[in-house]
**Student:** 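One structure, pasted below without further comment.
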Amino acid sequence: QLGQLAAQRAHDSAVRDFGNRMVSDHTPANQRLMTIASTVGITPPDKPDFMHRHTIKKLTKAEARDFDEDYIDSQVKDHKKMIELMEEQIEDGKNPELKQYATDLLPRLREHRKMAEQLEKQLEQKKDKK
């Protein structure tokens, strides 16, 4: 949802592109996770958790000039958290399918985090020039 929101609302074209990339990369990853969850008898939540609902609400109401920075900030934080979770799953997970999922997803999450951090720096530099 956040990627779709960025694709629609971002002021900076690089942030819009990043949002589109998040949609194209995370949609199949989420579908794969849902398939794994159903095979192991886990019922995933049907809506985002409280923190993500709060972020969606904040970004939906954000002024255009604030949207890009707020979105990228959330992406840096979310990807850092997801990387930690995937590393924990790889290290301590009991289910081989979930461990493999985490192993497969981890490099992409690291790439996304790096992209978000670079965008964060670019947005700061643009802000400093004004």
**Student:** Counting distance only, does the side-chain N/O of Y101 pair as donor-acceptor with the main-chain N or O of A29 below 3.5 Å?
**Tutor:** yes
**Student:** NZ of K80: more than 12 outside heavy atoms within 6.0 angstrom?
**Tutor:** no
**Student:** If the plane angle is over 60° it's perpendicular, under 30° parallel, otherwise tilted; pick one for F18 and H112.
**Tutor:** perpendicular
**Student:** Any side-chain to backbone donor/acceptor pair from S74 onto Y71? Under 3.5 Å, distance only.
**Tutor:** yes
**Student:** Please check if F67 and M115 belong to a single hydrophobic cluster, counting links between Ile, Leu, Val, Met, Phe, Trp and Tyr side chain heavy atoms closer than 4.5 Å.
**Tutor:** yes
**Student:** Say you draw a straight line from CD of Q1 to NE2 of H26; how long is it, rounded to the nearest 0.5 Å?
**Tutor:** 13.5 Å
**Student:** In terms of hydrophobic clusters joined by side-chain contacts under 4.5 Å, are V76 and M51 together?
**Tutor:** no
**Student:** If hydrophobic clusters are built from ILVMFWY residues whose side chains come within less than 4.5 Å, do L59 and V23 share one?
**Tutor:** no
**Student:** Does the H79 side chain pair with the main chain of Q75, one donor and one acceptor, at a distance under 3.5 Å?
**Tutor:** yes
**Student:** Could I get the full list of salt bridge (charged side-chain N to carboxylate O under 4.0 Å, His left out) partners for R32, not counting sequence neighbours?
**Tutor:** D104
**Student:** Can you tell whether the side chains of K77 and D73 come within less than 4.0 Å, N to carboxylate O?
**Tutor:** yes
**Student:** Taking side chain as C-beta onward, heavy atoms only, is D78 less than 4.5 Å from H52?
**Tutor:** yes
**Student:** Verify side chain to side chain contact (heavy atoms under 4.5 Å, CB included) between L123 and V15, making sure each step is shown before the conclusion.
**Tutor:** CA-CA 9 Å; L123 292 173; V15 176; 4.1 Å; yes
**Student:** Determine yes or no for a side-chain-to-main-chain donor-acceptor pair under 3.5 angstrom, with R110 supplying the side chain and I83 the backbone.
**Tutor:** no
**Student:** So if I apply the side chain to side chain contact (heavy atoms under 4.5 Å, CB included) rule between L109 and each of K114, M82, E84, K81, which one comes out positive?
**Tutor:** M82
**Student:** Distance from E124 atom CD to E69 atom CD, nearest 0.5 Å?
**Tutor:** 7.5 Å
**Student:** Rounded to the nearest 0.5 Å, what separation is found between the NE2 atom of H11 and the CG atom of D66?
**Tutor:** 12.0 Å
